[in-house]
Chemist: 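I'd like to ask some things about the structure below.
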Amino acid sequence: MPDTDPASKSMEAIVALCKRRGFVYPASEIYGGINGFWDYGPLGTALKNNIRDHWWKHTVECPPIGPDGEPVSIVGLDSSIIQNPRAWEASGHVGGFSDPMVDCTETKKRYRADQVLVMVSWDVEDGSGDEPNGAIDRLFAFNDSDDKSYALARKKAEKFAKKIGVTVASNPTIWPLTHAEFDGAYQYIVGPDTETPGTLTEPREFNLMFETFVGAIRDDSAKAYLRPETAQGIFLNYKNVLDTMRVKVPFGIAQIGKSFRNEVTPRNFIFRSREFELMELEWFCAPDDSPKWYDFWKHERMRWWESLGVSKSNLVFRDHAEDELAHYSKMCVDIEYKYPFTAPGYGELEGVAHRGCYDLNAHTRGTVNDKSGWKNEFSNAKMEYLDQERQQKAREAGLSKEEINAASKYIPNVIEPASGLTRGVLVLLCEAYTEDESRPSKVFMKFKPRFAPIKAGIFPLVNKDGMPEVAQKLYMGLREKFTCQIDAKQSIGKRYARMDEAGTPYCFTVDGDTLSGGTVTVRDRDSQSQERINIDQVEKFLAEKIGE
RNA sequence: GCGGGUGUAGCUCAGUGGUAGAGCGUCACGUUGCCAACGUGAAUGUCGUCGGUUCAAAUCCGAUCACCCGCUCCA
């Protein structure tokens, strides 16, 4: 029985197979590659498209039944990668997406500048008050919301205070490292994990958005950004969709597309790359309905991943703690997969976020982004929604005009299931990779038939006695409906082995009995067992297996 | 961004200063009677890249790029 636990699989072996069989290549490899970018080969592209099409079908074309028993309403969109840069100011990405970082030159540790606090040891009980005390030229930094780090800094401060004959206040003043008072005073600051002052660098900006220039002139007025997520394109078109598509809240807008993040450290094959593909659904609903929909999409999305053939035991939910929520998010849960490089732990595959009314509000004129401080004086969109069903009910209930408005006018809340398509590819590759010493290829890719890049191999057992002609005829009939390959070269075993590594679920072999009795053998990839079926039944057989 | 490791054919790797190699894979021809069979033949390399030392560099030195591992980061 082959082992299905990702913990037992080698990432290097999976990467090697991906290269060898044409799933994934390093981008611009003949020039030495480029960090954080990958090209999808013929089989990888097919696998990616199969996952993408499955998502689109189950999200847009044939969406699930909602919690109230009614089919949910979702429309598709394909927005531009480059948008007006003000969109990214409003969304908070230009300000909030670039966290200033400080490095410790001694310990080589890196901290987010806004998460480092400094104990201002001027505030000692020697009566100096707020006046800087020249005798005390050492400030002790620690990590925000880390009690141990605070205790350590305090201990260091007390030791130093004792040396110079003062005591530290029981409740010392604490300022963030980003406080203007510390400009040019870094030589006095002792980092959270060191004893010597002056090892922290000035905060440095790490903007994760790729910049480009629109038009021929490369100045700041022409600066634009490659989108770091597809979601904003949906929010920018929310009004357009509402005005033209006869949709009403609750409804969803779905989009699949490339996104770009200038990651500090791309790592782990295609898990964290700088160019990747997202499948995002923005679900708009009334604020008081939002918990119901959050819960619905959370479980719906897990069901969807399971429908790809991913083992339940390799998937988990992980609810975000309050302090790790993004600036826009009220609640967030990740669906995580047990990747070989995270096992026995799990790594992110999809996030389902409750974004509240943050995004629609952010694109409304007059809104001030609470993270970046950017004031929106450019948008001309009003995002408030009039819920006429609620309005009608409120009227019938005989409520006052104010009460009717309160009940029926709102900025919709957003539930966002956002998954990485390219991470889905990685998950299926890891999930399918199965070592089996007993077979010639030593390894096979156990894709669920529906997602396999190649659905069937068609082989004449030997290249004579009319078998190639019969195989060719079978192939010509099948190729219009299924991606399949005919192969008459070399030994039959070698052909099976090749198909095992490509993850082709079924191989049909034309042999002597085909010529006399009209049957072919079907070789099953996973069990390696064979059965005979009538050559006329091959198409039906495949259709049934792939539909499962 | 920091530290460690690796880089030679499509893959796995050998080759420690003196003519660029093996196994597997790929391709062609022959053969074939169900799991990488066999025979014959062929293609595939600026030894990651750039520079230095040397009569001579895959090999020694420096830089750089990419990948892997550990930190860091991941709205």
Side-chain angles (χ1 to χ4, degrees), chain A residues 10-13 15-22 25-38 88 91-99 101-112 115 193 201 204 206-209 228-229 231 261-269 271-274 320 324-329 332 334 341 347-348 351 353 355 358 371-372 418 436 438-444 459-465 467 488-501 507-515 520-525 528-530 532:
Chain A
S10 147
M11 209 52 221
E12 281 193 38
V15 173
L17 182 137
C18 283
K19 172 83 188 292
R20 184 166 75 243
R21 286 296 162 195
Y25 311 121
S28 31
E29 191 185 13
I30 62 173
Y31 288 100
I34 176 164
N35 193 354
F37 298 89
W38 299 88
W88 304 110
S91 68
H93 286 88
V94 171
F97 208 53
S98 54
D99 295 316
M101 307 292 296
V102 294
D103 292 315
C104 178
T105 53
E106 187 181 304
T107 63
K108 306 301 179 195
K109 291 202 172 189
R110 169 174 292 169
Y111 316 90
R112 263 173 63 174
Q115 287 183 353
D193 301 290
T201 63
R204 289 181 287 193
F206 287 80
N207 197 321
L208 294 187
M209 276 199 296
E229 60 175 30
R261 296 180 192 178
N262 208 348
E263 297 285 358
V264 177
T265 313
R267 195 63 76 83
N268 294 125
F269 195 36
F271 178 76
R272 175 166 294 120
S273 49
R274 289 180 165 139
H320 282 216
E324 66 172 320
L325 289 174
H327 60 276
Y328 53 71
S329 185
C332 191
D334 281 348
F341 49 82
E348 188 190 7
R355 296 174 75 124
Y358 177 89
K371 176 120 187 183
S372 65
D436 181 358
S438 72
R439 65 175 72 197
S441 59
K442 309 290 185 204
V443 60
F444 65 106
F459 309 144
L461 180 60
V462 290
N463 209 8
K464 61 177 184 184
D465 297 343
M467 294 180 203
K489 303 283 182 181
Q490 298 161 319
S491 72
I492 189 76
K494 190 174 280 199
R495 285 176 264 162
Y496 287 149
R498 271 196 287 255
M499 286 301 169
D500 276 352
E501 284 203 336
C507 294
F508 300 96
T509 299
V510 172
D511 60 12
D513 292 350
T514 311
L515 306 173
V520 295
T521 63
V522 188
R523 185 261 193 185
D524 182 86
R525 175 197 64 201
Q528 297 176 272
S529 64
Q530 294 186 10
R532 294 202 78 90

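Numbers restart at 1 for each chain; the letters A, B, ... are given by sequence-line order, proteins then strands.
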Chemist: Considering Watson-Crick and G-U wobble pairs with both distances under 3.5 Å, what does B:C24 pair with?
Modeler: B:G10
Chemist: What residues, two or more places apart in sequence or in another chain, satisfy salt bridge (Lys or Arg N to Asp or Glu O under 4.0 Å) together with A:Asp513?
Modeler: A:Arg532
Chemist: Using the C1' atom as the reference point in each nucleotide, state the distance between B:G70 and B:G23 in Å, no decimals.
Modeler: 34 Å
Chemist: Run the ring pair (Phe, Tyr, Trp, His ring centres under 6.0 Å) test against A:Phe341 and tell me which residues pass, sequence neighbours left out.
Modeler: A:Phe271, A:Tyr339
Chemist: Kindly write out the residues that satisfy side-chain contact (heavy atoms from CB on, under 4.5 Å) with A:Arg267, not counting sequence neighbours, or none if the list is empty.
Modeler: A:Thr265
Chemist: Report the distance from atom CG of A:Leu17 to atom P of B:U12, rounded to the nearest whole Å.
Modeler: 11 Å
Chemist: Once you apply the 3.5 Å cut-off to both distances, tell me the Watson-Crick or G-U wobble partner of B:A43, or none.
Modeler: none
Chemist: List in chain and number order the residues that pass side-chain contact (heavy atoms from CB on, under 4.5 Å) with A:Asn35, two or more places apart in sequence or in another chain; answer none if no residue qualifies.
Modeler: A:Pro266, A:Arg274
Chemist: Quick one: on RNA chain B, does A:Phe341 or A:Tyr31 contact a more 5' nucleotide (nearest heavy atom)?
Modeler: A:Tyr31
Chemist: Expressed in angstrom and rounded to an integer, what is the separation of A:Glu12 atom CD from B:U12 atom C1'?
Modeler: 12 Å
Chemist: Which atom names give the shortest non-hydrogen contact between A:Ala231 and A:Arg355, and what distance separates them?
Modeler: CB-NH1, 4.3 Å
Chemist: Given the P atoms of B:A58 and B:U49, what is the spacing between them in whole Å?
Modeler: 11 Å
Chemist: Between B:U59 and B:C71, how far apart are the P atoms? Round to whole Å, please.
Modeler: 33 Å
Chemist: Would you kindly give the NZ-to-C1' distance between A:Lys19 and B:G25, to the nearest whole Å?
Modeler: 13 Å
Chemist: Using a heavy-atom cut-off of 4.0 Å across all strands, would you classify A:Phe269 as base, sugar-phosphate, or nothing?
Modeler: sugar-phosphate
Chemist: Taking atom C1' in both B:G51 and B:A14, what distance in whole Å separates the two?
Modeler: 28 Å
Chemist: What one-letter contact string describes nucleotides 29-40 of chain B from 5' to 3', where B marks a base within less than 4.0 Å of any protein heavy atom, S marks contact via sugar-phosphate atoms alone, and - marks no contact?
Modeler: S--BBBBBB---
Chemist: Could you identify the nucleotide paired to B:A37, looking across every strand shown and requiring Watson-Crick or G-U wobble geometry with both distances under 3.5 Å?
Modeler: none
Chemist: Take atom C1' in B:C60 and the same atom in B:C47, then report the distance between them in whole Å.
Modeler: 15 Å
Chemist: Send over the distance from A:Asn35 CG to B:C73 P, rounded to a whole Å.
Modeler: 18 Å
Chemist: Sort out the partner of B:G70 for me: Watson-Crick or G-U wobble, both distances under 3.5 Å, none otherwise.
Modeler: B:C2
Chemist: With a 4.5 Å cut-off on side-chain heavy atoms, are A:Pro460 and A:Arg495 touching?
Modeler: yes
Chemist: For the side chain of A:Ser441 and the backbone of A:Phe444, is there at least one donor-acceptor N/O pair under 3.5 Å apart?
Modeler: no
Chemist: Suppose you measure atom C1' in B:A63 against the same atom in B:U53; what distance do you get, rounded to whole Å?
Modeler: 15 Å
Chemist: Given the C1' atoms of B:G15 and B:U8, what is the spacing between them in whole Å?
Modeler: 9 Å
Chemist: Looking at residues at least two apart in the chain, or sitting in another chain, which of them share a side chain to side chain donor-acceptor pair (under 3.5 Å) with A:Thr509?
Modeler: A:Tyr496
Chemist: So what's B:U19 paired with, Watson-Crick or G-U wobble, going by both distances under 3.5 Å?
Modeler: none
Chemist: Is there a donor-acceptor pair under 3.5 Å between the side chain of A:Arg261 and the backbone N or O of A:Leu208?
Modeler: no
Chemist: Collect all protein-nucleotide pairs involving nucleotides 42-51 of chain B in which both atoms are nitrogen or oxygen and the distance is under 3.5 Å.
Modeler:
none

Chemist: Paired with B:A58: which nucleotide, if any, by Watson-Crick or G-U wobble criteria at under 3.5 Å for both distances?
Modeler: none
Chemist: Separation of A:Ile30 atom CD1 from B:A66 atom C1', in whole Å?
Modeler: 14 Å
Chemist: Under 3.5 Å for both donor-acceptor distances, Watson-Crick or wobble: does B:U31 have a partner, and if so which one?
Modeler: none
Chemist: Of the nucleotides B:C69, B:C67, B:C11, which has the atom closest to the A:Arg267 side chain?
Modeler: B:C69
Chemist: Just checking A:Gly36: base, sugar-phosphate only, or nothing, at a heavy-atom cut-off of under 4.0 Å?
Modeler: sugar-phosphate
Chemist: Which residues pass the side-chain contact (heavy atoms from CB on, under 4.5 Å) test with A:Lys19, not counting sequence neighbours?
Modeler: A:Tyr25, A:Pro26, A:Glu29
Chemist: Go through the structure and list residues passing side-chain contact (heavy atoms from CB on, under 4.5 Å) with A:Glu348, not counting sequence neighbours.
Modeler: A:Asp334, A:Arg423
Chemist: Give none if B:U49 has no partner; otherwise give the nucleotide forming a Watson-Crick or G-U wobble pair with it, both distances under 3.5 Å.
Modeler: B:A63
Chemist: Between B:A43 and B:A37, how many Å separate the two P atoms, rounded to a whole number?
Modeler: 23 Å
